Protein chains: 2
Amino acid sequence: MSERTILVVEDDHAIREMIAFSLKRAGFRCVEAADVSAARRAIADDHPDLILLDWMLPDVSGIELARALRREELLREIPIIMLTARADEDDKVRGFESGADDYITKPFSARELVARISAVLRRAHPESDEGLLEANGLVLNATSHRVSARDENIELGPTEFRLLRFFMSHPERVFSRAQLLDRVWGGNVYVEERTVDVHIRRLRKALEPSGYDGYVQTVRGAGYRFSPQQDRP
Amino acid sequence: MSERTILVVEDDHAIREMIAFSLKRAGFRCVEAADVSAARRAIADDHPDLILLDWMLPDVSGIELARALRREELLREIPIIMLTARADEDDKVRGFESGADDYITKPFSARELVARISAVLRRAHPESDEGLLEANGLVLNATSHRVSARDENIELGPTEFRLLRFFMSHPERVFSRAQLLDRVWGGNVYVEERTVDVHIRRLRKALEPSGYDGYVQTVRGAGYRFSPQQDRP
DNA sequence: TCCGTTTGTGACAGGTTCGTTACAGCGCTC
DNA sequence: GAGCGCTGTAACGAACCTGTCACAAACGGA
């Protein structure tokens, strides 16, 4: 599962650091913001997968930010978890919290924090697209995570599977190594471009016994292409 | 599963919008009403599957509406979830709530809301779940809570039973640990993902004597899959 | 042809994921 | 309260995957 980015919006420096530390240790990428304007910048720059939002902020209240985000079409999908202090017993205010996907009352443990974040992320990205890709007898089933060549099963590693899935959903189109790294490996990873070659090789090797390795073609100076145009193997 | 319609009866515009937003995102169809008379119209027009009812309303109290609905023959079936403010902890109030199928105290998170609605709907429309699941001689009887392999009884713990039942009703499909936690353990429970591995192990161990353990397959980097495709054990 | 550039290939160290076992806590029965 | 089954977590090793390198091979232009 690819790394998830969490934006932490909290004015108290010490608390923010604590949270960031816990999240990083739990394997999340973490972006911090001390106020709403910084948060807006971070949202634009880092495309967080989830926002952890203190509701008491210096400039605009966290609730205002939450409601504003909900109104913006592109940002509606980002789940929000509210941080509230126990003292804020005002019902009216608390009622508004329903705009968030979850809320956590201070004080809270690092484990609870991580658990709730995981739960919300789980719910936010439920199931991926139903996908059956086919090319001249080469079948990739995304839901069962299986690849077969004329009913013969093909074993692929995780990266090779993603690579083939990407290729099969964009046939007859050349992708540079950089594009492949971006779209198969995921946006912000630092990996040598030549690494793509190696995985192409591994994919070809796996397809070789069934004769489909020719479908993965090299375009010298440009990148690679998946081309099922030619005759059946 | 067909789309379910929820009627939200709540006078506070902001809260109502928030709720509606959350529900829509969770895949429900959503109808809104600000007062009891609007609610009655909505019930007649939209035939909601569930009513979310604030108990403090401008014209008639939510409780009155609930009791009135209960008296009407055709509407008895519609489950009702009450929304109450924390301040109203009064026993007297709680007593009135007995007409509802569940109640939620403000503040609440979207996650809690969705979880409770799902639970009530599940109870109201008991899934005509085929109580008998079969896969190449492996039989799971949901009603008698029994599992047998070729007439040989198999002892399973509660979690392993639910796990196997879930797998058998979704064969040939990969589920991530997160999805399994969500759908077998239940949405709002906070458990380490690796815990899934241990229960997979326990399930396999229980299936081992009869040779069915191979049906529970690991998909590295993705999750687990139940696959009765291969040869009989 | 030659030479520089690009790609294929095999090996490998480090890291990650998974299987497995052990164990403590909990609720239950007796 | 002891005994028991069930659950979730931790820890360890094994299997596997990954990114990088070094070198070989292929290619293309001069």
Side-chain angles (χ1 to χ4, degrees), chain A residues 1-4 25-29 109-112 114-116 118-119 145 147 154-165 174-182 184-186 188-208 213-226, chain B residues 145 147 154-166 174-182 184-186 188-208 213-225:
Chain A
M1 202 164 292
S2 64
E3 197 181 39
R4 290 284 159 75
R25 200 167 52 163
F28 295 108
R29 206 176 139 251
S109 68
R111 220 173 70 73
E112 182 187 357
V114 172
R116 286 190 180 245
S118 304
H145 225 267
V147 180
I154 295 181
E155 294 294 333
L156 289 181
T159 305
E160 283 70 63
F161 183 85
R162 270 179 285 134
L163 192 56
L164 180 60
R165 181 176 56 186
V174 179
F175 294 97
S176 69
R177 286 158 234 270
Q179 286 175 312
L180 289 172
L181 280 180
D182 199 43
V184 176
W185 270 251
N188 33 12
V189 283
Y190 170 65
V191 174
E192 287 294 325
E193 289 205 342
R194 289 301 310 279
T195 297
V196 175
D197 298 29
V198 179
H199 283 277
I200 289 282
R201 152 76 176 154
R202 288 170 180 157
L203 177 56
R204 280 175 176 156
K205 206 170 185 176
L207 295 177
E208 204 170 57
D213 55 310
Y215 283 14
V216 180
Q217 300 173 346
T218 305
V219 181
R220 183 161 248 262
Y224 296 95
R225 168 183 55 201
F226 182 80
Chain B
H145 229 261
V147 180
I154 293 182
E155 294 294 333
L156 288 182
T159 305
E160 283 69 63
F161 181 83
R162 270 179 286 133
L163 192 55
L164 181 59
R165 181 177 56 186
F166 180 72
V174 174
F175 295 95
S176 68
R177 286 157 232 271
Q179 288 175 316
L180 289 173
L181 281 181
D182 201 37
V184 175
W185 271 252
N188 38 5
V189 77
Y190 310 124
V191 173
E192 289 292 326
E193 290 204 342
R194 287 301 310 277
T195 298
V196 174
D197 298 29
V198 180
H199 284 277
I200 289 282
R201 151 80 174 152
R202 289 169 181 158
L203 176 56
R204 279 176 176 156
K205 206 170 186 176
L207 295 177
E208 204 170 58
D213 54 309
Y215 284 14
V216 180
Q217 301 175 347
T218 305
V219 181
R220 188 163 248 262
Y224 295 97
R225 167 182 56 201

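Since we're looking at a predicted model, the values are computed, not measured. Note that these values count all heavy atoms, side chains included, but never hydrogens, waters or copies made by symmetry. Chain letters run A, B, ... following the sequence lines, proteins first and then strands; every chain starts at 1.
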Exercise. Can you find a side chain N or O atom of A:T218 that sits less than 4.0 Å from OP1 or OP2 on C:dT7?
Worked result: no
Seminar exercise, completed: Separation of C:dC18 atom P from B:D197 atom CG, nearest Å, is 7 Å
For this session: Report the distance from atom CD1 of B:I200 to atom P of D:dG8, rounded to the nearest whole Å.
Result: 13 Å
Problem set entry | DNA chain D: 5'-proximal contact among A:L156 and A:E193 (nearest heavy atom) | A:L156
For this session: Would you mind telling me which of D:dT7, C:dC18, C:dT9 lies closest to the side-chain atoms of A:V198?
Result: C:dT9
For this session: Check whether any side-chain nitrogen or oxygen of B:Y224 sits under 4.0 Å from OP1 or OP2 of C:dT17, and answer yes or no.
Result: no
Exercise. Taking for each residue the nucleotide of DNA chain C bearing the nearest heavy atom, is the 5' side occupied by A:K205 or by A:A222?
Worked result: A:A222
Exercise. What string of B, S and - do you get for nucleotides 23-30 of chain C 5' to 3' if you count protein non-hydrogen atoms under 4.0 Å?
Worked result: --------
For this session: Check whether any side-chain N or O of B:R204 sits under 4.0 Å from OP1 or OP2 of C:dG19, and answer yes or no.
Result: yes
Exercise. For D:dG19, does OP1 or OP2 lie under 4.0 Å from any side-chain N or O of A:W185?
Worked result: yes
Seminar exercise, completed: DNA chain D nearest-nucleotide lookup for B:E192 and B:G157: closer to the 5′ end is B:G157
For this session: Keeping the roles fixed (side chain from A:R225, backbone from A:V219), state whether a donor-acceptor pair exists under 3.5 Å.
Result: no
Exercise. Taking the side chain of A:H199 as heavy atoms from C-beta outward, which of D:dG8, D:dT18, C:dT9 is closest to it?
Worked result: D:dT18
For this session: Could you state the atom-to-atom distance from CG of A:L163 to C1' of D:dG19 in whole Å?
Result: 15 Å
Problem set entry | Side chain of B:P158 - closest among D:dC6, C:dT17, D:dT20 | D:dC6
Exercise. For B:Y190 and D:dT9, is the shortest distance between a side-chain N/O and OP1 or OP2 below 4.0 Å?
Worked result: no
For this session: Check whether any side-chain N or O of B:R202 sits under 3.5 Å from a backbone N or O of B:E160 as a donor-acceptor pair, and report yes or no.
Result: no
For this session: Can you spot which of A:Q217, A:R177, A:Q179 makes a side-chain contact (heavy atoms from CB on, under 4.5 Å) with A:Y224?
Result: A:R177
For this session: Looking at every strand, decide which applies to B:E155 at a 4.0 Å heavy-atom threshold: base, sugar-phosphate, or nothing.
Result: nothing
Seminar exercise, completed: Out of C:dG8, D:dT18, D:dT7, minimum distance to the side chain of A:R162 belongs to D:dT18
For this session: Answer with base, sugar-phosphate or nothing: what part of the nucleic acid does B:F161 contact at a heavy-atom distance below 4.0 Å?
Result: nothing
Problem set entry | side-chain N/O B:R194 vs C:dG19 OP1/OP2, d < 4.0 Å | no
